[in-house]
Amino acid sequence: MIEIPGAILVSGNLVHDIVVRPASEIRFGGTIWVDRIEQHMGGNGASTSYAAALLGAPVRLIGMIGDDDFGLQIRTRLASAGVDVSLLATNVEHGTASSVVIVREDGARAFLHKPGVSSVAFAPPFSITQASAAGCSHYHLANPYSLPHVRPIAGRLLREAKELGLTTSLDTAWDSRGEWMQVLEPCLAHLDLLFVNEEEARLLTGADDPESAARHFLNAGAGSVVIKLGARGAVVFGKDRLDVPAHVVDAADTTGAGDCFAGALLAGLYHGYPPRRAMQLANAAGALSVSRVGATSGLLPLAETLDWAASSSPTPCR
Ligand code: ADP
């Protein structure tokens with residue numbers, strides 16, 4: 001994989017989630033009583049940075065929030081984990097991106113989403129500069145599909161980071177516009193590490209098995225490919241293949257598991273862990289993420305995550 005001796009620069013979206021559960025149907029003209037209405041921090045950039053910082057890596061996040069309470073809550077939570085939020089811009093015209101997530105008894109979810117600042121964030125002439133990357137040795141681009149202005153420039157941002165001497169990674173997510181490879185292809189030549197889940201890998205490449213999909217990404221220039229397999233763990237393809245099983249947990253909410261996994265893997269590499277141990281840390285963070293409602297609510301600091309992983313076989317981290 002890669003070594004990350006300095007701080008991690010992350011760019012991506014930040015979302016304020018309101019989670020309502022359980023509700024089986026929405027009727028207009030009446031009140032539906034529910035058990036819980038909770039606020040959570042979401043968004044791929046926010047969750048990935050939070051996870052990496054909570055697990056002990058120095059992290060700087062580039063992103064945008066609105067000049068509102070939702071934005072303030074996100075900024076405060078990120079700072080509480082130690083994320084450097086000095087490059088978190090506040091936009092006074094558009095609100096913080098936010099979602100209302102309605103969860104049915106059986107776990108199915110309906111999202112009402114307001115992109116807010118996500119529709120204007122990273123507008124031209126945004127670039128990765130020496131100043132924004134000062135002290136950083138790695139750049140992680142979280143979900144280019146969630147930010148309209150990032151779609152056409154994702155490859156350029158990664159190239160700029162490489163030109164500044166940084167290593168790079170990118171985590172995909174669902175592409176609601178269906179552009180898939182049109183956005184990812186220009187990135188692959190500038191990527192040391194690609195994170196992708198099994199279903200996204202299939203849609204991006206047309207290959208049905210993870211190994212063939214990974215081969216496609218590697219042939220197009222990616223250095224290593226991590227394919228996330230949900231409750232089955234994850235597998236890395238690069239020089240060698242490395243399969244690492246997941247922890248067994250009761251999944252309360254799988255939203256954000258991939259972001260926590262990616263942030264934890266980067267934190268592990270920052271701590272100098274060899275690939276298998278970094279992957280075990282990532283699987284532990286992914287499992288802790290799904291064990292609670294809210295992307296990052298279940299996460300624990302490094303020492304506690306290692307203790308939890310050690311007591312929860314099959315994948316102790318030490
Ligand atoms: P994404 O959130 O990007 O779709 P996954 O659903 O594969 O990615 O989840 C990322 C990681 O979180 C997995 O590789 C695994 O380590 C962990 N994870 C996800 N779901 C579960 C689960 N049900 N039980 C245990 N670990 C899980």
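For ligands, and for the atoms within them, numbers begin at 1 and follow the listed sequence.
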Exercise for the section: Anything under 30° is parallel, anything over 60° is perpendicular, the rest tilted; go ahead and classify His140 against His138. Expected result: parallel
Completion exercise
Ranking Arg232, His247, Gln280, Lys228 by closest non-hydrogen atom to atom 3 (O) of ligand 1, top hit is Lys228
Fill in the blank from the handout: Filtering Ala282, Gly258, Ala284 for the heavy atom nearest atom 2 (O) of ligand 1 leaves Gly258
Exercise for the section: For Arg77 and Thr296, test the side chains for any donor-to-acceptor distance below 3.5 angstrom and give the result as yes or no. Expected result: yes
Handout entry: atom 9 (O) of ligand 1 - nearest protein heavy atom and its distance
Key = Ala257 CB, 3.6 Å
Completion exercise
The protein heavy atom nearest to atom 14 (O) of ligand 1 is Gly233 O, 2.8 Å
Handout entry: Side-chain donor-acceptor contact under 3.5 Å, Asn197 with Glu200
Key = yes
Practice task
Give the atoms of ligand 1, by number and element, whose distance to some non-hydrogen atom of Asn283 is under 4.0 Å.
Solution key: 14 (O), 15 (C), 16 (O)
Handout entry: Taking atom 11 (C) of ligand 1 as the reference point, the nearest protein heavy atom with its distance
Key = Phe261 CD1, 3.8 Å
Practice task
Check each atom of ligand 1 against the heavy atoms of Leu229 and keep those under 4.0 Å away; list them by number with element.
Solution key: 7 (O), 14 (O)
Handout entry: No-hydrogen, no-angle side-chain donor-acceptor test under 3.5 Å, Thr168 and Arg159
Key = no
Exercise for the section: Determine whether the side chains of Thr96 and Asp68 contain a donor N or O and an acceptor N or O closer than 3.5 Å. Expected result: yes
Problem - Element-labelled atoms of ligand 1 that are located less than 4.0 Å from some non-hydrogen atom of Val249 - result: 24 (N), 25 (C)
Problem - His149/Phe122 aromatic ring centres below 6.0 Å - result: no
Problem - Parallel, tilted or perpendicular: ring planes of His247 versus Trp308, cut at 30 and 60 degrees - result: tilted
Exercise for the section: Without swapping roles, check the side chain of Arg60 against the backbone of Leu87 for a donor-acceptor pair under 3.5 Å. Expected result: no
Exercise for the section: Report the nearest protein non-hydrogen atom to atom 23 (N) of ligand 1: residue, atom name, distance rounded to 0.1 Å. Expected result: Ala231 CB, 3.6 Å
Problem - Heteroatom proximity flag, Gly230 to ligand 1, N/O under 3.5 Å - result: yes
Practice task
Verify whether one side chain among Ser11 and Tyr139 offers a donor that lies under 3.5 Å from an acceptor in the other.
Solution key: yes
Exercise for the section: Answer with side chain, backbone, both or neither: which part of Asp171 has a heavy atom less than 4.0 angstrom from an atom of ligand 1? Expected result: neither
Fill in the blank from the handout: atom 12 (O) of ligand 1: closest protein heavy atom, distance to 0.1 Å, is Gly286 CA, 3.4 Å
Practice task
Using distance alone, determine whether Asn197 and ligand 1 share an N or O pair under 3.5 Å.
Solution key: yes
